[in-house]
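What follows is a single structure, written as structure tokens, with notes after it.
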Amino acid sequence: MSSSLKHIGVLTSGGDAPGMNAAVRAVVRCAIYHGMEVTGIHEGYTGLLEGKLESLNSRSVANIINQGGTFLKSARCREFYEPEGRARAAAQLEESGIQALVVIGGDGSFTGAVLLAREHRVSVVGIPGTIDNDIYGTDFTIGFDTAINTVQDAVDKIRDTATSHNRLFFIEVMGRDAGYIALYTGIGAGSEEILIPEQSRGMDYLLQSLERSGRKGKTSSIVIVAEGDKSGGVYELAKTVEAKMDGYQSRVTVLGHIQRGGRPTCADRVLASRLGVAAVDALRDGSSGVMVGVRNNLISLTGLEKACKERTEINAELIRVADIVSI
Ligand code: ADP
């Protein structure tokens, strides 16, 4: 274990995700456990450039484990895309005596962290915090479990109306590039079909599936659509189905930002706590340029660059399960 590390910084960046607070709490407490100083950087890379720094102790992170969002706040920072911005960030870290940085965020934040590490030899470790679960090198990202439980609750409620009125509901969920939220909630909430960007099953496939269901006596249906699905969007889907199929009344619900907020689930709090501790352990071990994640329920380190560049493959077994249980 490296004993030269005395002072680390932690920030949250990019889209917020429930469980980020629990991750910050774990980073702070693990650092203090090892006798280190911790600085919280407010508003991500923007706050780093503007010197929005706060010394944190164990009590600074009390009563936040149950809160969604991030008390450090998050931001998107244009200057960080430029080498000059990253140079200013490195200078700020040096001036403040921060020897290593924990970045909690998604692949954009990690790309910035990789460049900062490469150009200025800053030690960085990433913690995957995004509701989309689309980061290579970890089975789950912080916030995903909370988001899918929020979506599942919403779909359960919509099902009551769908059933009472024999309606077809198209429900759009988050996921511009990744269909994990749609796939998990489609299975968990018992949807008829799941449309995800990775598959592009298309309109004809959907119409055939709904016709089959109609013949089997299904009078209401729920179709979960990831926002990145390429079939033309939920409103277009609903219009086309109504035009082409007799007897179906379609409705659309776009769940939007309710999916990002809320009290983190126990699974997210535990994951965030594990990854926060693992991040500090990794820095103390002398690692840099890595992301901490969980694979097969074990802590695992992946090169940050690889975590940014590689794509996660959608789980074929889950797709098969979804197809079978929706007949
Ligand atoms: P996320 O981390 O959730 O993917 P963003 O893609 O918005 O969110 O990235 C968050 C921040 O990370 C950006 O505002 C920017 O400051 C930094 N960042 C993202 N991509 C890059 C990049 N290619 N080069 C440098 N910094 C980047």
Side-chain angles (χ1 to χ4, degrees), residues 9-21 23-24 27 41-53 68-70 72-93 101-122 124-138 140-147 173-181 197 226-228 256-257 259-261 264 268 271-272 275-276 279 289-293 302-312:
V10 58
L11 60 79
T12 51
S13 170
D16 64 302
M20 280 183 162
N21 279 325
V24 173
V27 167
I41 298 157
H42 290 265
E43 296 174 32
Y45 294 130
T46 304
L48 178 56
L49 290 176
E50 293 176 1
K52 291 186 176 164
L53 313 181
T70 157
L72 284 179
K73 298 192 187 289
S74 187
R76 297 201 154 94
C77 175
R78 280 188 178 283
E79 292 99 309
F80 215 74
Y81 287 93
E82 307 302 327
E84 299 75 25
R86 297 190 292 273
R88 275 177 53 212
Q92 178 68 253
L93 289 171
L101 187 63
V102 176
V103 173
I104 305 171
D107 56 359
S109 305
F110 290 169
T111 305
V114 165
L115 293 171
L116 181 70
R118 188 187 298 153
E119 293 164 355
H120 302 283
R121 296 175 162 270
V122 174
V124 292
V125 167
I127 298 181
T130 161
I131 63 167
D132 291 332
N133 205 36
D134 59 349
I135 306 272
Y136 178 86
T138 187
F140 296 105
T141 57
I142 295 169
F144 174 65
D145 188 69
T146 306
V173 301
M174 281 186 172
R176 279 202 200 104
D177 306 307
Y180 268 101
I181 293 179
E227 59 185 338
H257 278 82
Q259 296 164 87
R260 267 196 200 285
D268 267 333
L271 176 67
L275 296 184
V290 294
M291 181 195 78
V292 291
T302 303
L304 257 187
E305 203 161 356
K306 193 165 183 183
C308 298
K309 285 192 177 149
E310 299 271 334
R311 302 282 307 156
T312 48

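Computed from a prediction, not measured in an experiment: that's the story for all the values here. The first residue of the sequence shown is numbered 1, and numbering continues consecutively from there. Counting starts at 1 for both ligands and their atoms, following the listed order.
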| List by chain and number: which residues place a heavy atom under 4.0 Å from ligand 1? | Ser13, Gly14, Gly15, Tyr45, Arg76, Cys77, Phe80, Tyr81, Arg86, Gly106, Asp107, Gly108, Ser109, Thr111, Gly112, Leu115

Minimum side-chain heavy-atom gap [X]-[Y] below 4.5 Å:
X	Y	answer
Thr12	Ser109	no
Thr312	Tyr136	yes
Leu93	Val122	yes
Val103	Leu11	yes

| task | State whether the side chain of Glu43 and the backbone N or O of Ser74 hold a donor-acceptor pair below 3.5 Å, judged by distance alone. | result | no

| message | Angle between ring planes, Phe80 versus Tyr45, binned at 30° and 60°: parallel, tilted or perpendicular? | response | parallel

